[in-house]
Colleague: 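One structure follows; several queries about it will come next.
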Amino acid sequence: MRRHTSLAALGLIVLTAAGVRQSGRSERIQTHDNEKAAGTLTGGVLRVQLDTRVGTWYPHGQDGPAAEMQAFGEVGRPLQIPGPMIRVPKGTEVVVSIRNSLPDSTLTVHGLVSRPVPAGASTAPVTVPPGATREVRFRLDAPGAYYYWATTMGRQFRFRNREDGQLSGAIIVDEPGRMARHERVMVFGEWADTIATESGPAQRRMLLVINGRSWPHTTRLAQRVGDTVRWRLINTSPEVHPMHLHGFYFRVDGRGDGTGDTTYVDTRRDMVVTERVPPGGTSSITWIPERPGNWLFHCHFTIHFAARGPLGERLPPTTNGAHARHTGNHALEGMSGLVLGVEVAPRGREDADGDNTSDVGRRRLRLLARPAGATPDGPFYAFTLHEQEGEGAVDTTIRSGPPIVLKRNEPVSIVVVNRTPEPTAVHWHGIELDSYFDGVAGFSGSTRQLSPVIAPRDSFEARFTPPRSGTFIYHTHVDEPRQQPAGLSGALIVVDEDKPYRPATDIPVLITTPRVVETSRRAVLLNGRYPAVPVELRAGVAHRFRLINITVGRPGLRVEIWRDSSLVDWRALAKDGADLPDDAKVVRPARKTITIGETYDFEVTPRAPGAMRLEVRTAAGVLIATMPLLVR
Ligand SMILES: [Cu+2]
């Protein structure tokens, strides 16, 4: 019962007369995947009757821990998280009645307005006093993904994450006849509060959910090789989510902000592996699973997907080496929150471990994860890369792995050897490879053969053939909040045979999170160092900057290149390893927001000798790292 004390302490009456079911608990809230539209559509008019009550929410599945939460439901039906979905063909008039059955909370509902919003029209929210019912009418003429949301605490969207945090529902407007068969609507939500603990200080807990549930209880999607998969991502949480798909690129068909939604023409659809979905933002994406096996789609902001306890409680800090959480299944126990699993079934006889048996022309590398010193609050680790036998010494001044440079279409074997005292696994971020080698221990592969965690003193051989030249990432996919700052990430660069990697003009800028003990809290490492090592450039020569954000908690990083008090120009070349179409390779002032799990390639040609500098800033503009660029 302890977990209900905070809501009671807020004065929220958690049981309604109509809602009581059994043993003092309020009615059970249904979580759902937006597969059924609410209301009744007749004669071009959709009528929806919403009610608002308190129920019991089970974000960890039917038998898991539960929390009392405010929720919407249709009148006469169970409460739902997310709220009932409004889905209509374009040109539909919508009549929504909203009953507020909360005994003592005034409900303020936003987003029940026409799309497009008529010029000069009010988008003011609807206020519904306790016990009252209000009716709103609007038209949905603009196809796209939108949402409605409500607060009972008078909060703005960006502060709404308490007991009213799940009062959100999708609004989808379809082009007539274009409802994609495989389309899924995913509503992201957050709930956070502070609870008293039996011993010690109050603890903040935070729960991130997709369609009302947290991993591993999110819906497991089943697809088949070759399916067209279309997802609508609707972020009704107050935080930014860098959403990353393993193993495949996806196209971004459109983006919106809840009020408007832009569908891009075909040539303007970004091809990415990571999409930054801001608070209140929507993205419509399409991808085709080309290889069978198990694949993850998850937020790359570690506090949004790392392991947590029931209802988002923080887990006790881990001790050096002995990592109890990973004795079981890493994928199920080592992650939570905004994570979705996709199981892709083969169409023919292809296997999830693919055709990687041939050794003809295969390059062999060894990647060692090794101890690299320690401080009282934890160890450092280092990756070292070896083409031959022999190991060399660990350079403890660099807190990231060396760039791994591979050739496009050249088969490679990378044996990851774990010399650290804790389990690990390596994910090849952005590489299109077979599922078994993707690096999500306990999930990658297929039910026939799941990819193992790499135990201390053990090794794992990853085999793949990178099909695309570009800038990628390799990083640990185990206990990321600790192992990444300990040193376990690096740049993965794939080049064409006729365009080899040249250290003089290829400039990787790997941005990682330091261990707090080494630098100030407001700093990031550039290529594993703080302060960054200066880089030499040549005037009149084109340099390829390969920018990578693989921090654990900086989703709004901004990278800029300055000469004196002006931004220099750069030319966009690629995003997430995929070349941009020619008409998108535009020259612009050198400033770009790069979220976690994204890579960007930019071409910089310094005009004259002198001093330039690459600056990394927070979303708010605070300078957190500088790389001096010396032009000769
Ligand atoms: Cu997130």
Side-chain angles (χ1 to χ4, degrees), residues 215-216 296 298 300 302-303 305-309 313-337 339 366-386 391 393-396 398-402 404 414-429 436-445 450-462 473-490 512-518 525 528 550-553:
W215 174 267
L296 278 195
H298 69 93
H300 223 293
T302 48
I303 58 169
F305 80 98
R308 283 176 178 271
E313 281 178 29
R314 239 189 246 161
L315 294 173
T318 53
T319 49
N320 290 0
H323 208 270
R325 298 214 292 274
H326 297 301
T327 54
N329 180 305
H330 164 69
L332 301 184
E333 295 160 26
M335 298 187 288
S336 74
V339 182
R366 289 162 68 240
L367 184 69
L368 272 49
R370 306 161 72 177
T375 61
D377 76 343
F380 287 107
Y381 301 133
F383 280 129
T384 58
L385 183 70
H386 309 277
E391 300 189 351
V394 169
D395 182 345
T396 57
I398 303 176
R399 298 303 184 192
S400 67
I404 299 178
I414 304 178
V415 177
V416 182
V417 182
N418 184 7
R419 294 271 171 75
T420 77
E422 55 189 285
T424 192
V426 175
H427 168 54
W428 317 95
H429 180 119
Y436 183 70
F437 303 110
D438 186 53
V440 184
F443 182 71
S444 295
L450 290 175
S451 189
V453 75
I454 313 175
R457 295 190 298 280
D458 207 346
S459 64
F460 178 79
E461 182 185 9
I473 314 168
Y474 67 101
H475 65 81
T476 173
H477 217 293
V478 169
D479 201 9
E480 295 87 341
R482 276 182 74 251
Q483 290 194 358
Q484 286 187 16
L488 296 184
S489 62
T512 59
T513 298
R515 288 266 300 282
V516 174
V517 289
E518 284 206 308
L525 306 183
I550 189 65
T551 61
V552 298

Colleague: Return the minimal non-hydrogen interatomic distance between V478 and P423, and the atom names on each side.
Modeller: CG1-O, 3.5 Å
Colleague: Angle class for the F383/Y474 ring planes (parallel below 30°, perpendicular above 60°, tilted otherwise)?
Modeller: tilted
Colleague: Which atom pair, heavy atoms only, marks the closest approach of D458 to I454?
Modeller: O-CG2, 3.4 Å
Colleague: Please check: side-chain N/O of S451 versus main-chain N/O of A441, any donor-acceptor pairing under 3.5 Å?
Modeller: no
Colleague: Rounded at 0.5 Å granularity, tell me how far CG in L525 sits from CZ in R515.
Modeller: 11.0 Å
Colleague: Taking atom CZ of F380 and atom OG1 of T375, what is their separation to the nearest 0.5 Å?
Modeller: 5.0 Å
Colleague: Is there side-chain contact between P379 and R482, with at least one heavy-atom pair below 4.5 Å?
Modeller: yes
Colleague: Roughly how far apart are T512 OG1 and I550 CD1, rounded to 0.5 Å?
Modeller: 9.0 Å
Colleague: What is the minimum heavy-atom distance between P452 and Y436, and which atoms define it?
Modeller: CD-OH, 3.7 Å
Colleague: Are any non-hydrogen side-chain atoms of T513 and Q484 less than 4.5 angstrom apart?
Modeller: no
Colleague: Going from CG on D438 to CZ on F443, what distance comes out if it is rounded to the nearest 0.5 angstrom?
Modeller: 9.5 Å
Colleague: Tell me, with the steps shown, if H298 and W215 meet side chain to side chain contact (heavy atoms under 4.5 Å, CB included).
Modeller: CA-CA 10 Å; H298 69 93; W215 174 267; over 6 Å; no
Colleague: Applying the side-chain contact (heavy atoms from CB on, under 4.5 Å) test to V426, which of T476, V416, N418 qualifies?
Modeller: V416
Colleague: Shortest non-hydrogen contact from S444 to G439?
Modeller: OG-N, 3.6 Å
Colleague: Just wondering, do F305 and P481 contact through their side chains at under 4.5 Å, heavy atoms?
Modeller: no
Colleague: Side chain to side chain contact (heavy atoms under 4.5 Å, CB included) for H427 and L296? Distances and angles first, verdict last.
Modeller: CA-CA 11 Å; H427 168 54; L296 278 195; over 6 Å; no
Colleague: Regarding E480 and H477, do their side chains bring together a donor and an acceptor under 3.5 Å, going by distance alone?
Modeller: yes
Colleague: How long is the span from the CD atom in Q483 to the OG1 atom in T302, to the nearest 0.5 Å?
Modeller: 12.5 Å
Colleague: For R308 and I303: C-alpha separation, side-chain torsions, deciding distance, then whether side chain to side chain contact (heavy atoms under 4.5 Å, CB included) applies.
Modeller: CA-CA 9 Å; R308 283 176 178 271; I303 58 169; 4.0 Å; yes
Colleague: Please name all residues satisfying salt bridge (Lys or Arg N to Asp or Glu O under 4.0 Å) with R419, sequence neighbours left out, ordered by chain then number.
Modeller: E391
Colleague: Considering all heavy atoms of both residues, which atom of A372 and which atom of T396 are nearest to each other, and what is their separation?
Modeller: O-CG2, 3.7 Å
Colleague: To the nearest 0.5 Å, what is the distance between CG on L367 and CD1 on I404?
Modeller: 5.0 Å
